[in-house]
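I have placed the structure first, in the form of structure tokens, so that the comments after it can refer back to it.
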Amino acid sequence: MTKYNNMHIAIAGNIGVGKTTLCKMLAKHYKWSPLFEAVDNNPYLDNFYEDMQRWSFNLQVFFLNSRFRQVQDIIKSKKTIIQDRTIYEDAYIFAPNLQAMGLMTQRDYDNYLDLFQLMESFVSAPDLLIYLRSDVPSLVNRIQNRGRDYEEGIRIDYLKRLNERYEAFFANYQHNHLIIQANEIDFQNNKSDLGKIIEKIDSSLSGLFKK
């Protein structure tokens, strides 16, 4: 379980797909160090879901800053880190989606993009990026079941557009990655399903050492 040393593994996916759960389970299995998305200490999240247009820029800058700090910690660490969501998702999926929906002004989006492009020069792609793919009904069901008050106002069209951007992103993603059909398996409650994911991860990471 410790043969994958000093690596950066990350999990990508839409809201409610199970990234944090899988991150915890893989960290436990491989004895990796997890880095989670800043949700509980995020001062903008409640406001954002109440008024997306007003708070979109603030929220995205907070996430960008938080994720960049995580990347710097990963670079300095000698451990294998598994990260819950990546800086790329903020810049290539969430921010442009908000701008396209009219929920972030072009001026704010351009400002945000300039900041990201500066940060990107200090960032490398993860050794392995795991994409948890799910349809919107499954996402909605999971969001409702976990019962976070601030997520009650999430719009269906918002989730749908995010899914479309995730698909476009991974269609062009050139680095090492895995796509897991999250609505076809139950890795949280079924050890066999978790085992299938672990087998795919082992295969992908073993392939890196052969290159």
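Hydrogens, waters and symmetry mates are skipped; everything else that's a heavy atom, side chains included, is used. Values in this document were obtained by computation on a predicted structure and should not be read as measured data.
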Any non-hydrogen side-chain atom of [X] less than 4.5 Å from a side-chain atom of [Y]?
X	Y	answer
Thr105	Phe57	no
Ile75	Val71	yes
Leu64	Gln60	no
Asn14	Tyr166	yes
Leu22	Val17	no
Ile82	Phe36	no

Which residues satisfy the salt bridge (Lys or Arg N to Asp or Glu O under 4.0 Å) test with [X], sequence neighbours excluded?
X	answer
Lys196	Asp193
Arg165	none
Glu184	none
Asp157	Arg155

Inset, instruction - Mind checking side chain to side chain contact (heavy atoms under 4.5 Å, CB included) for Thr80 and listing every partner two or more places apart, or none if nothing turns up? - result: Met7, Ile9, Trp32
Legend entry - Results of side chain to side chain contact (heavy atoms under 4.5 Å, CB included) for Asn141 - residues two or more places apart only: Asn145
Inset, instruction - Determine, step by step, whether Asn111 and Asp114 satisfy the side-chain hydrogen bond (donor to acceptor under 3.5 Å, both in side chains) criterion, reporting the C-alpha distance in whole Å, the side-chain angles of both residues, the deciding distance to 0.1 Å, and the verdict. - result: CA-CA 5 Å; Asn111 189 6; Asp114 283 344; over 6 Å; no
Hey, could you give me the [atom1]/[atom2] distance between [X] and [Y], rounded to the nearest 0.5 Å?
X	Y	atom1	atom2	value
Tyr44	Asn47	OH	CG	9.0 Å
Glu164	Leu159	CD	CG	11.5 Å
Gln72	Arg67	CD	CZ	14.5 Å
Lys19	Lys24	NZ	NZ	12.5 Å
Gln181	Tyr131	CD	OH	8.5 Å

Can you give me the closest heavy-atom contact between [X] and [Y], atom names plus distance?
X	Y	answer
Ser33	Lys79	OG-CD, 3.3 Å
Glu37	Arg85	OE2-NH1, 3.0 Å
Ile15	Leu139	O-CD2, 3.3 Å
Tyr112	Ala91	OH-N, 3.5 Å

Legend entry - Salt-bridge contact Arg133-Glu167 (side-chain N to carboxylate O under 4.0 Å): yes
Among all residues two or more places apart in sequence or in another chain, which pass the side-chain hydrogen bond (donor to acceptor under 3.5 Å, both in side chains) test with [X]?
X	result
Asp110	Gln106
Tyr88	none
Thr20	Asp84
Thr86	Glu89

Legend entry - Check: His177 ring centre within less than 6.0 Å of Phe170 ring centre: yes
Inset, instruction - Could you go through the side-chain contact (heavy atoms from CB on, under 4.5 Å) check for Phe187 and Leu132 one step at a time? - result: CA-CA 11 Å; Phe187 56 81; Leu132 288 181; 4.2 Å; yes
Inset, instruction - Give me the other members of the hydrophobic cluster that Ile81 sits in, counting Ile, Leu, Val, Met, Phe, Trp and Tyr linked by side-chain heavy atoms under 4.5 Å, directly or via other members. - result: Leu35, Ile74
Legend entry - Asp108 versus Ser56, side-chain donor and acceptor atoms under 3.5 Å: no
For residues 115-130, which side-chain donor-acceptor pairs fall under 3.5 Å, sequence neighbours excluded?
| residue | atom | partner | partner atom | Å |
| --- | --- | --- | --- | --- |
| Glu120 | OE2 | Tyr92 | OH | 2.9 |
| Ser121 | OG | Leu118 | O | 2.6 |
| Asp127 | OD2 | His8 | N | 2.8 |

